[in-house]
Amino acid sequence: MVQKIKIALPGGKEALCPAGLTVGEALAGGQGGNLASTMAAKVNGLPVDLSHSLAEAAAIEPIDVASSEGLSILRHSMSHVMAQAVQETFAGVQVAIGPAIEDGFYYDFEYAEGFTPQDLERIEARMREIAAADCPFERREVSREEAVELFRSKGEHYKVELLNDLPADVKTVSLYSQHGYIDLCRGPHVPSTGMIKAFKLLHVAGAYWRGDERNKMLQRIYGTGFATQEALEEHLRLLEEAKKRDHRRLGRELDLFQLNDEIGPGLVIFHPKGTLLRTIIEDWEKKEHLKRGYDLVIGPQILKVDLWKRSGHFDHYRENMYFTDVDEQTYGIKPMNCLSHMLIYKAKIRSYRDLPLRYFELGTVHRHEKAGVLHGLMRVRQFTQDDAHILCTPAQLNGEIRAIADFVGYAMGIFGFEYEVELSTRPENSIGSDQDWELATAALEGALRDGGMTYEVNEGEGAFYGPKIDFKLKDALKRKWQCATIQCDFTLPERFDLSYIGEDGEKHRPVMLHRVILGAIERFMGVLIEHYAGAFPLWLSPVQAAVLTVTDNHIPYGKEVRMRLVEAGIRAEGDFRNEKLGYKIREAQLQKTPFMLVIGDREVASGQVSPRQRDGKNLGSIGVEAFIALVRGQSSQFK
RNA sequence: GCCGAUGUAGCUCAGCCGGUAGAGCAACUGAUUCGUAAUCAGUAGGUCGGCGGUUCAAUCCCGCCCAUCGGCCCCA
């Protein structure tokens, strides 16, 4: 007689089922049999396959493809099918790892020849055959020795290495097979390859085994997949849309900047409009810093190499630095702004009453970034940081960190950004004592907690001189870019022997915070361009209004209007060319100009202007002064 | 730096099997004087990324270099 067990189903329902029933069967009985969108299930909170059989009483809930977890399982199964397709299509391929990722999945392969875009089509075709065969994914548990033997016999040395590196207490591992293909995997997987319908392989890229550049480079194939063909097509359409707001494209179309081979890679030339945009941001920042008790300072571009040796940069950052010889003396071109600020502090004896001291510099730095990482404005070799160094007492640290975090929050609010916060801890190649690192890390973490912020921890990702809090923004293609950062540093004050006289009349060592709010102005502008898709809010728009004349007869009045706007401090251009109005409007629209002022007979006669907003809305005829007031009103918010 | 792809006019892109290149838009000239997303016609514009090689002949085939794109590592 089969034992009955009690199963708790979603929605508070319960069922008495025979032991040995599978999760899928239990769910099918409980919810009327429609499991088409169920990828797997959770039994007592742990994800399992639908084929998992229930031995004892349990609470089960389905994992639907509509959930991010369900979609990940589907994509993970797609990566297995891709691995099978690759190995069946090409000889001599070894598999490494193949997880689901944010927008799809990948699998890493060792394949000496490498894959071509044409190969992807062949792989995709084979995947469709495997999917059409509608074969079940079958889970099997074996001893780890058995698994090692299996993969060794198949020549899969990456899988063997993964197995050997499992913790010693892991005695058994799970294998999944579909359509006669076996892979080492924790699971769960979808019930059958038939569920894999809507997918597309996107591109091939190199990737180091285990993400370590000392290891062999593998071939990674990226793909994406969804529950339905419609969702897949929608995703591909969004990718196309995202490309249209790529800052590199908009930078050219809106005439903001250029990157030019003749100058050199990673070096930006700002055109007039880009420079205007940048200047507006920088002016805003200076004001905001002065409001918050910062002092503006400026340091030199090159500093003697001895100073870089003293700071530790020469030992730990040399490969990223440029050097130049002047009068037989070697100078380092600054990759960071801290040294000058240290020397400003040291210029006289400091009292505890002076602290905290906050030195702010729009500091231009040069870093020798590896050629392969350069990317538009996001990753360049010369950039300007909105950098500050705060020197304070240990007791002031928490408050200063929180004030910076607030500043970041305020700034991100102004520009309308969502962001993620990460805490990065001590890396391998670092300077300073264990105790200082602990203190610094605790200070950052404490401030995050006190501020009630949610954050992730990145072990070993800190700067060489201290741990940091990073604030990350996403670009149009969902790549994350670090902008604001707060770094806590006990080491540099030590190395430069900074001190202040305390209440007790004794010398004490101050603590230093390195921090940026927008990060690098270049990168921030890149993210900003994509964020607004080039349609900047009025206060940031390099051109706020374009005066458009209908015919040549209207040019004198058009020029007059433009002059009045310019004199009122509005960034206005005139389009007095011999073109039809529709043409001029189209052009101003493509330039994302906030206001277009149409000047025709009516306006000349009435002495007014007819503003058209870039959203297509017409404001009717209004006086020039009224328009000036309107622009001032709408852009005064932040100025 | 590593893996892969790409590089033709200012921009977007054609160019077959090797026989020194085209389109649209932009620019310029002229006509048109026009009311809310492209007026018409004409003209000009290219060492086919660079350097070598193979060939009677290279945008095309081969090698090296440079740059860009997508990733990896790294990073503001």
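Each chain gets a letter, A, B and so on, in the order the sequences are listed, and its residues count up from 1.
For A:Y208, counting side-chain heavy atoms from C-beta on, the closest listed nucleotide (B:C2, B:C74, B:U36) is B:C2. Comparing atom distances between the A:N618 side chain and each of B:C75, B:U36, B:A76 picks out B:U36 as nearest. Nearest to the side chain of A:V550, among B:C72, B:C34, B:U68, sits B:C34. In this structure, the nucleotide among B:G35, B:A76, B:C69 sitting nearest to the side chain of A:R248 is B:C69. Proximity note for A:D261 (side chain, C-beta onward) versus B:C75, B:A67, B:U36: the nearest is B:A67. Side chain of A:K580, nearest nucleotide from B:C75, B:U12, B:U39: B:U39.
A:Y583 comes within 4.0 angstrom of sugar-phosphate atoms only, judged by non-hydrogen atoms across all strands, and of no base. Backbone-only engagement by A:Y222 is indicated by non-hydrogen atom pairs under 4.0 Å involving sugar-phosphate atoms exclusively. When heavy atoms are screened at a 4.0 angstrom cut-off, A:Q482 is found touching the sugar-phosphate backbone but no base atom. Looking at heavy-atom distances under 4.0 Å, A:R479 makes contact with sugar-phosphate atoms alone, never a base. In this structure, A:G582 reaches the sugar-phosphate backbone alone: every heavy-atom distance under 4.0 Å involves primed, P, OP1 or OP2 atoms, never a base. In this structure, A:R523 reaches the bases: a heavy-atom distance under 4.0 Å links it to at least one base atom across the strands shown. Among the protein residues, A:V380 comes within range of the nucleic acid bases, having at least one heavy atom under 4.0 Å from a base atom. Residue contacts for A:D601: at a heavy-atom cut-off of 4.0 Å it reaches a base atom on one of the strands shown. A:K468 comes within contact range of the sugar-phosphate backbone alone, with a heavy-atom separation under 4.0 Å but no base atom that close. Heavy atoms of A:G211 sit under 4.0 angstrom from primed sugar atoms or phosphate atoms, though from no base atom. At a threshold of 4.0 angstrom between heavy atoms, the contacts of A:R577 are confined to the sugar-phosphate backbone, with no base atom among them. Within 4.0 Å of A:Q613, counting heavy atoms only, lies no atom of the nucleic acid at all. Among the atoms of the strands shown, only primed sugar atoms or phosphate atoms (P, OP1, OP2) are found under 4.0 Å from some heavy atom of A:Q385. Within 4.0 Å (heavy atoms only), A:R252 reaches sugar-phosphate atoms of the nucleic acid but no base atom.
Rounded to an integer number of Å, the gap from CD of A:E587 to C1' of B:U36 is 15 Å. For A:Q219 and B:C2, the CD to P distance is 15 Å, given to the nearest whole Å. Between the C1' atom of B:C3 and the CE atom of A:M217 lies a distance of 5 Å, rounded to the nearest Å. A:E240 has its CD atom 15 Å from the P atom of B:U12, to the nearest Å. Between the CZ atom of A:R379 and the P atom of B:C72 there is a distance of 12 Å, given to the nearest Å. We find that OH of A:Y317 is positioned 13 Å from P of B:C74, with the value rounded to whole Å. Rounded to an integer number of Å, the gap from NE2 of A:H366 to P of B:C75 is 20 Å. Across the protein-nucleic acid pair, A:E110 atom CD and B:C2 atom P stand 18 Å apart, rounded to whole Å.
Checked against a 6.0 Å centroid threshold, the rings of A:F90 and A:F115 count as neighbours.
Between the side chain of A:D552 and the base of B:U33, at least one donor-acceptor pair of N or O atoms lies under 3.5 Å. Between the base of B:G1 and the side chain of A:E369 there is no donor-acceptor pair shorter than 3.5 Å. Within 3.5 Å, a donor on the side chain of A:K370 pairs with an acceptor on the base of B:C73, or the reverse.
The stacking criteria are not both satisfied for A:F115 over the base of B:G4, which would need a centre-to-centre distance under 5.5 angstrom and an angle between ring planes under 30 degrees.
Taking a pair to require two hydrogen-bonding distances under 3.5 Å in either a Watson-Crick or a G-U wobble arrangement, B:C28 pairs with B:G42.
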Steps toward side-chain hydrogen bond (donor to acceptor under 3.5 Å, both in side chains) verdict (A:E156, A:Q87)
CA-CA 11 Å; A:E156 296 286 1; A:Q87 287 205 317; 2.7 Å; yes
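Looking at A:R381, its side chain does come within 3.5 Å of a backbone N or O of A:E369 through a donor-acceptor pair.
Both A:K480 and A:L590 sit near RNA chain B, but only A:L590 has its closest nucleotide nearer the 5' end.
When the C1' atom is used for both B:G49 and B:U6, the distance is 11 Å, rounded to whole Å.
The phosphate of B:G71 has neither OP1 nor OP2 within less than 4.0 Å of any side-chain N or O from A:H375.
Shown here is A:E418, whose CD atom has no more than 12 heavy atoms of other residues, nucleotides or ligands within 6.0 Å.
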